[in-house]
Structure formats: structure tokens, C-alpha cells
Chemist: 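Below is one structure. I have some questions about it.
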Protein chains: 2
Amino acid sequence: MEPRVARVVTQLRRGTLEYCVLAVLRHEQRYAFDLVQDLGRTGLVTSEGTIYPLLSRLRRDGLVESTWEESPSGPPRRYYQLTADGRAALTAFVQEWTTFRSSVDAVLPDLEDRG
Amino acid sequence: MEPRVARVVTQLRRGTLEYCVLAVLRHEQRYAFDLVQDLGRTGLVTSEGTIYPLLSRLRRDGLVESTWEESPSGPPRRYYQLTADGRAALTAFVQEWTTFRSSVDAVLPDLEDRG
DNA sequence: TGGTGCTACCTTGTGACGCATGGAACCCCG
DNA sequence: CGGGGTTCCATGCGTCACAAGGTAGCACCA
């Protein structure tokens, strides 16, 4: 068991995850269960326990809105759409992320470096 | 006061900070107060309240070692050096960071995009 | 009818960690 | 002796990813 290594990515996800969700929503509405599987494929989301509280926060802060729709098979789905505030927040985040990423890259050694 | 925007970067720093410290230490030993001012310049560290617990963790996990040295002005300084484990952890992190960064970049819109 | 399994929603509790705050000690200068 | 810079540290808070667990609808099969 290597708790340190195992949780590095978990820590990295902090803060970026909600904006990744906003980014996905910028083109089309999605529902939570769908998002888990989609973003899970890229390794960004791991479980529903992450996405539901996250979406609640985004709703609370007015960055997304939701509408209920019937499912062809199963319980009804709550679809999320980006609001104008959400779109603005996403734009602002991309700026911050870019700056932050550059700072980190400037400090870290390149992959091909050996020391 | 804009709590959400203000704390975005705080969340981003999570997980990366300790490895940025390791990265700085890979070339020369440093002491905490010095690190705060250095990494503070690039916006990665904001206060001593961050760096001291962080260094304690790194020491506890054997990623760094420390030696006391006299200061020309003030109390003695605790200088930190990278251990072999620390160097390995840094290498592993760079790999994880690179992967993660790519995943995020793939989801986020480019800066020049307008949608 | 009852069982199994998938979909889809949600809540609660835990742990990690950045940061604010505050304290202590050392030093120099006036 | 007092003030300010340096340098160490500990305590408590808030945020958030995640695990674990709970409910309900639908489908299929025996």
C-alpha cells in the first residue's frame, strides 16, 4: 500500500475538477451519471461521490442550471447547462490555470532531465 | 471580496506545492524562510503557515533531511536536502503531473477560443 | 411474486492540505 | 532597554475529493 503516491493525483484534481465539468458543459448539457463515465475515462473523475457534491456547489453558486428529463430506461435524469456566470467563470479559470501551469513547469525538471 | 475566484489558485496549489519544493531542493539546500520568499515570487507559496507543515511532512516521509546551520543574522537556520527517496518521488511526480496536465488541457478550451 | 442487476439520484463522514493566526527566540541598532 | 527584522514552530479552520451507503425506477427471468 502506497498511500502517498496513490493520492497525488487526487490532490491534483482539487480545484480543477469543477472547471473541467464546466468545460464539458460549454457545448452540450449533460447529466451527472454520464459525466462520471465520460470524465472517468480521462482519469479526471473517479466516483459519483465526487460529482454530486460538486454539481450541487456549482448550482448553489449559479454557474450551472438543471432541468429534469425522462430517461428512456431508468429514473429521470437531471441535465445541467452552463449559465452566463458559469461561462465567465470558466474563462477566468482558464487564465488562472494557464498561469499556474507555467509556474509549475518552470520549477519542475523536464521529463528527459536526469537531475 | 470574491471568495470563489480568490481561492481557485489555493486549490490548484494542492498537491503540487510539496513537489515544487522538492524540485527547488534538487540543486541546492534551502531553509524554510528562504523558500517562502523564493517560491512566493512565482506565486506558488503565500505564507510560512504553508511551508512549515509541508516540510514537516516531507521530513516525516523521508523525502528530505535537514541540518542546522548558523545564520549571519538571526536564529539558526534548518537547511533541507533531498534524499534518494525524495529524488525518486520527484521523478514520479513529474510523470504524474505531465499526464494530469495533458488531461486538463484536453478538456479546457484554449485561451484564444471564444466558446 | 420475488430476485437480480443496471441506471440514476442523493447524503454523510473522513482525510488531506493550504493558510491565517499567533507565539517564541535570536540578532542588531538606536 | 525597546523596536524591528529574521527564523523557527504549533493550532485551528475551511475546502473538497472520495468512500460508503441509501433510495428508487426499470427490465428481465424464473
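In what follows, chains carry the letters A, B, and so on, assigned in the order in which the sequence lines appear, proteins first and then strands, with residues in each chain numbered from 1.
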Chemist: Where do A:Thr16 and B:Phe100 land on the side chain to side chain contact (heavy atoms under 4.5 Å, CB included) test, with the steps shown first?
Modeler: CA-CA 10 Å; A:Thr16 67; B:Phe100 174 76; 3.4 Å; yes
Chemist: Between B:Arg77 and B:Asp34, does at least one N-O distance fall below 4.0 Å, as a salt bridge requires?
Modeler: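 Answer for the salt bridge query: no.
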Chemist: Can you measure B:Gln11 atom CD to C:dC17 atom P for me and round it to whole angstrom units?
Modeler: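 That distance rounds to 12 Å.
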Chemist: Between C:dC17 atom C1' and B:Asp61 atom CG, what is the distance in whole Å?
Modeler: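 One finds 13 Å between C1' of C:dC17 and CG of B:Asp61, rounded.
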Chemist: Determine the minimum heavy-atom distance between B:Leu17 and B:Leu54, stating which atoms define it.
Modeler: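 Smallest heavy-atom distance, with atoms named: CB-CD1, 3.9 Å.
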Chemist: Give me the atom names and distance for the closest heavy-atom approach of B:Leu108 to A:Ala23.
Modeler: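 Looking at all heavy atoms of both residues, the closest pair is CD2-CB, 3.9 Å.
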Chemist: Grab the two heavy atoms, one from A:Thr83 and one from A:Gly62, that are nearest each other, plus how far apart they are.
Modeler: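 Heavy atoms only, the tightest pair is OG1-O, 2.7 Å.
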Chemist: Taking all non-hydrogen atoms of both residues into account, name the closest pair between B:Gln11 and A:Gly15 and its distance.
Modeler: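 So the two residues come closest at CB-CA, 3.6 Å.
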Chemist: Over how many whole Å does the gap from A:Arg60 atom CZ to C:dC10 atom P extend?
Modeler: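 That distance rounds to 15 Å.
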Chemist: Tell me the closest heavy-atom pair linking A:Arg59 and A:Val64, and the distance in Å.
Modeler: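 Taking A:Arg59 first and A:Val64 second, the nearest heavy atoms are N-CG2, 3.7 Å.
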Chemist: Does a donor on one side chain sit under 3.5 Å from an acceptor on the other, for B:Gln81 and B:Glu65?
Modeler: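 No, no side-chain donor-acceptor pair sits under 3.5 Å.
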Chemist: What's the spacing between A:Leu55 CG and A:Arg30 CZ if we round to 0.5 Å?
Modeler: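 Separation between the atoms: 12.0 Å.
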Chemist: Nucleotides 13-15 of chain C: which of its N/O atoms have a protein N/O under 3.5 Å away?
Modeler:
from, atom 1, to, atom 2, distance (Å)
C:dG15, N2, A:Arg14, NH2, 2.6

Chemist: Side chains of B:Trp97 and A:Val8: closer than 4.5 Å at any heavy-atom pair?
Modeler: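 The answer is no; the side chains never approach within 4.5 Å.
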Chemist: Rounding to a whole Å, what distance do you find between B:Glu18:CD and C:dC19:C1'?
Modeler: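 Interatomic distance, CD of B:Glu18 to C1' of C:dC19: 15 Å.
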Chemist: Can you give me the closest heavy-atom contact between A:Glu96 and B:Leu12, atom names plus distance?
Modeler: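 Taking A:Glu96 first and B:Leu12 second, the nearest heavy atoms are O-CD1, 4.4 Å.
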Chemist: Between B:Leu17 (CG) and C:dC19 (C1'), how many Å, whole number?
Modeler: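 B:Leu17 atom CG is separated from C:dC19 atom C1' by 11 Å.
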Chemist: Using a 4.0 Å heavy-atom cut-off, write out nucleotides 23-30 of chain C from 5' to 3' as B (base contacted by protein), S (sugar-phosphate only) or - (no contact).
Modeler: ---BS---
Chemist: Does A:Tyr52 make a side-chain N or O approach to OP1 or OP2 of C:dC9 shorter than 4.0 Å?
Modeler: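 For A:Tyr52, the contact criterion (side-chain N or O under 4.0 Å from OP1 or OP2 of C:dC9) is met.
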Chemist: Under 4.0 Å from a heavy atom of chain A: give me the 5'-most and 3'-most nucleotides of DNA chain D that qualify.
Modeler: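 For DNA chain D, the relevant span reads D:dT15 to D:dC26.
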Chemist: With a 4.0 Å cut-off on heavy atoms, is A:Thr50 in touch with a base, just the backbone sugar-phosphate, or nothing at all?
Modeler: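 If one applies the 4.0 Å heavy-atom cut-off, A:Thr50 turns out to touch a base.
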Chemist: So which one's nearest nucleotide on DNA chain D is more toward 5', B:Arg77 or A:Leu44?
Modeler: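 Result: B:Arg77.
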Chemist: Over how many whole Å does the gap from A:Asp34 atom CG to C:dT7 atom C1' extend?
Modeler: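 It works out to 12 Å between those atoms.
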